[in-house]
Number of protein chains: 4
Amino acid sequence: MGNTARVRERRSGKPKAARAGDAKRLPKAVIKAPAKKRSRPHKVAPAERKQAILNAALTVFAERGFEAARLDDVAARAGVAKGTLYLYFKDKEALFEELLRGAVSPILARVTALAETPDMPFAQTLDLLYGFFQKEVLATDRKLLLRLVLTEGPRFPRIAEAHYRNVVSRMLPLIQKIAQRAADRGELASDAVVRFPQLVAEPIITTIIWDALFSKIKPLDVPGFLRAHRDMLIAKPRGQS
Amino acid sequence: MGNTARVRERRSGKPKAARAGDAKRLPKAVIKAPAKKRSRPHKVAPAERKQAILNAALTVFAERGFEAARLDDVAARAGVAKGTLYLYFKDKEALFEELLRGAVSPILARVTALAETPDMPFAQTLDLLYGFFQKEVLATDRKLLLRLVLTEGPRFPRIAEAHYRNVVSRMLPLIQKIAQRAADRGELASDAVVRFPQLVAEPIITTIIWDALFSKIKPLDVPGFLRAHRDMLIAKPRGQS
Amino acid sequence: MGNTARVRERRSGKPKAARAGDAKRLPKAVIKAPAKKRSRPHKVAPAERKQAILNAALTVFAERGFEAARLDDVAARAGVAKGTLYLYFKDKEALFEELLRGAVSPILARVTALAETPDMPFAQTLDLLYGFFQKEVLATDRKLLLRLVLTEGPRFPRIAEAHYRNVVSRMLPLIQKIAQRAADRGELASDAVVRFPQLVAEPIITTIIWDALFSKIKPLDVPGFLRAHRDMLIAKPRGQS
Amino acid sequence: MGNTARVRERRSGKPKAARAGDAKRLPKAVIKAPAKKRSRPHKVAPAERKQAILNAALTVFAERGFEAARLDDVAARAGVAKGTLYLYFKDKEALFEELLRGAVSPILARVTALAETPDMPFAQTLDLLYGFFQKEVLATDRKLLLRLVLTEGPRFPRIAEAHYRNVVSRMLPLIQKIAQRAADRGELASDAVVRFPQLVAEPIITTIIWDALFSKIKPLDVPGFLRAHRDMLIAKPRGQS
DNA sequence: GATGAATGAGGATTCATTCAT
DNA sequence: AATGAATGAATCCTCATTCAT
């Protein structure tokens, strides 16, 4: 009866060209499978492979958002089969969460370091901080991670929570400490920043959002903006000169 | 009409993960049709009906984001049949865009008014502006609109563009004008705000984002925060006391 | 930008010809979509439509078992779109359970009726019962339902339970009552059937199983078999003559 | 070998419904790999290994049925790698068929032996037979084998056929012979059992099915039931006392 | 205009099978 | 021989959209 002869019709060739031609959303770009198809690409370190998937996922999720992202595209970009994703991640959501886990932790490390340098003038601390943000976040893929946290966070309480726990709740006290020290040294006449360390983080959020929404239309002079914000932060309040 | 020839533009289904009742995301909420089904929708003005749809859409889109939002839910919430949506909007995307069109225009009007009031001290202008934001945006559904602009904007260039055109590009020059006047009056020692009127808008963005992500975890003292930011804006730069 | 022009590649024509050519399992037959495709078959009473789906489901489930059955095939056989199934049934399992609900209830009605006819000789009661089984179950699609209960029951505790509750637990006492009456009239010398009314149901199970497994190889003379079983049931035990 | 050209025979995935942990079906159980993973499978005789696989397969197939059974689970239970299964069995189906081959042959041997013992009273022969069934089938894993034959047989004509050839077609003539001898000795007043030796096998089928479906709900007094059936078999027909 | 049943393309996920090691 | 990571076809289910009433 020929077991091997049992063959069934297939269709195989799958339209992967992610809806190019759509003019309203996501104008151009959009995922392009590198088409590198080693028929059995054994001997790739699993960690590398996982990283490849995460990299691909970052691109795809950033481009389309969680819901619209297609794991097909992630797999294609990562150069693996669809099923392979599930060897490394339980499901789409787990992939997404792992992707965002530790999104901005490097910044945290830097801020911690700054908090350990008590004698630095506040202005300089801010310059270092914002400089670091520009070089290590804005200029890299981490920008996309942070953007995803901000844009998908409302729909993923767990991710928002994790971000709060891992980043925000640790960063703010550090900033507070730095600000307090500056205030103690007389560098700040008001405790506004001490009470609201978020004032230091504001331009980071603003920059990420502006970049995501308007950079194509009207790029922001980010260094200038950050400098301007810094100047505000270190200013003396009116009437206290 | 030839069934096989029917081609439709879509983008996709919905991942299993987002089902209602899922405890990890979107805790409860889940849209609940008011089920008010007068068997005769007697004399409902089309404009009213359209508004009902838009209201429903705002809730649903805000709750789930564009992709995950179900028109079924919108229709149910609006108390109309699903097909009815298509009498008022070409498709899901058109509904979404119309929803966001003019998202925050009321603020614009207010800022315009402020710009016409040349003699007001800058501090007071800011208080009025931020107060208006709190009462007319943060405390209302418009908060959701603005949130949607910020979170979905990256995936909807047209919406970002419209928002830039309708709101941002009009607001910033007004602020600039106000700031310039304040500077001219010697109220500001630096032209930072004149060069970067975004500095005035920063706390609005920050507040919207914080509200969307962390309000459940750690509510922000919004009035205090806005006052602190205001104080910064009107501060004298260091060394100029 | 021409919304209507947004068209994307498709593949459409789907291989529906369910694995014909498979020689080891399910030799021949196998689902054949009637291909009647009214492009919008409105105006079919919903009850009718549901019944069409249930009928199709019966065939497909009986042919392949629950797990291997494809809802694609059910839909094709029912002449509806895949999505339509979900208008009538929550999911595959719900369809399956509803299909089996009340599988053999008509028999129950008949047995009840027989139990209300006290004066009938036991032999005649059995003839009526088995005759009814032959005509109303074995010769109809209900045979497949009963077969499904027996073959899928072990994997579907809920279905087994429902069958026990709805059919078995009601039938056995009725048989018991009938048997008791027969015993009281001296028609039976032993209380074996009274204690084990299952003895009456045995040939029904045996017949269904034989039919499912061996009818192609060696058909069973069902009427003869049932008569033989009946003779056994009404016999006098040894040594009590 | 050309990835795109690779065509494989399969039949399908697995519906969401049947996931482990699902409370509605297959209450708990869910296969649990003993996780004994000697890093060196030192000297395990291939025959032993094969038997381990078959044992594991029996459990898994019995628990979920052929389609829903996962080779992953079989491998885990057998303590081998998934690929190893394919060293011993061509594919899932071959494993299943080998598993069921000779399912109940031990009984056959016993019946043969009984058929060679001409002088035993029929009642005693039945007691031995049913006793053997209880001890060697019902109380052991062979129960699961027989259950699988009955429940999967309808979908596996080859298995049904093999079972008929190997077991049924050999057993029935033996029973017939025994029954004939009993009849010749005047132990039976009718030739019903001679014409339908299935009457002897009935309670075996009934018992297996009852056990599979209802044992949790309402356990059957198997010994009593078998004795009752035996009494029926050796009874004198009415009117011949 | 309104309706809502019907549609069917699309995507997440599973799992038998392969094959480089 | 044994392994188990990788593959990708297959299937369930969803939901935007249509259109007969």
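Side-chain atoms are counted along with the backbone in the values below, which use heavy atoms only and exclude waters and symmetry mates.
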Side chain to side chain, B/Gln51 and B/Leu54, heavy atoms closer than 4.5 Å: yes
So ring pair (Phe, Tyr, Trp, His ring centres under 6.0 Å) across residues 69-97 of chain B, not counting sequence neighbours, yields B/Phe61-B/Phe96, B/Phe66-B/Phe96, B/Phe96-B/Phe156
Judged by nearest nucleotide, the residue sitting upstream toward the 5' end of DNA chain E, C/Ala81 or A/Ala69, is C/Ala81
Dot-bracket for DNA chain E, 5' to 3', Watson-Crick and G-U pairs with both distances under 3.5 Å, [ ] for crossing pairs, | for partner on another strand, reads .||||||||||||||||||||
If you apply the rule side-chain contact (heavy atoms from CB on, under 4.5 Å), what do you find for C/Arg49 with C/Thr84, and how did you get there? CA-CA 10 Å; C/Arg49 198 157 268 249; C/Thr84 304; 4.3 Å; yes
note: C/Leu95, atom CG; F/dC12, atom P; distance rounded to Å ~ 11 Å
Sequence neighbours excluded, the answer for side chain to side chain contact (heavy atoms under 4.5 Å, CB included) partners of C/Ala94 is C/Lys90, C/Asp91
Q) Can you find a donor-acceptor N/O pair under 3.5 angstrom joining the side chain of D/Lys92 to the base of E/dT17? A) no
Between the base of E/dT3 and the side chain of B/Lys82, is there a donor and acceptor pair under 3.5 angstrom?
no
Heavy atoms under 4.0 Å, any strand shown: does B/Leu87 hit a base, just sugar-phosphate, or nothing? base
5'-most contact on DNA chain F (nearest-nucleotide basis), B/Gly83 vs C/Gly83, goes to C/Gly83
Any salt bridge between C/Arg155 and D/Glu152, counting N to O under 4.0 Å?
yes
> Is A/Phe89 touching bases, backbone alone, or none of the nucleic acid, heavy atoms closer than 4.0 Å?
Replying inline: nothing
- request: Have a look at A/Ala75 and say if it touches a base, only the backbone sugar-phosphate, or nothing, with a 4.0 Å heavy-atom cut-off.
  value: nothing
* Asked: Can you check whether C/Arg49 has a side-chain N or O nearer than 4.0 Å to OP1 or OP2 of E/dA6?
  -> yes
Assign each of B/Pro46 and D/Leu71 the nucleotide of DNA chain E bearing its closest heavy atom; nearer the 5' end lies the nucleotide of B/Pro46
Taking for B/Tyr86 and for D/Thr84 the nucleotide of DNA chain F with the nearest heavy atom, the one nearer the 5' end belongs to D/Thr84
Can you tell if the side chain of C/Leu87 reaches within under 4.5 Å of the side chain of C/Val80, non-hydrogen atoms only? no
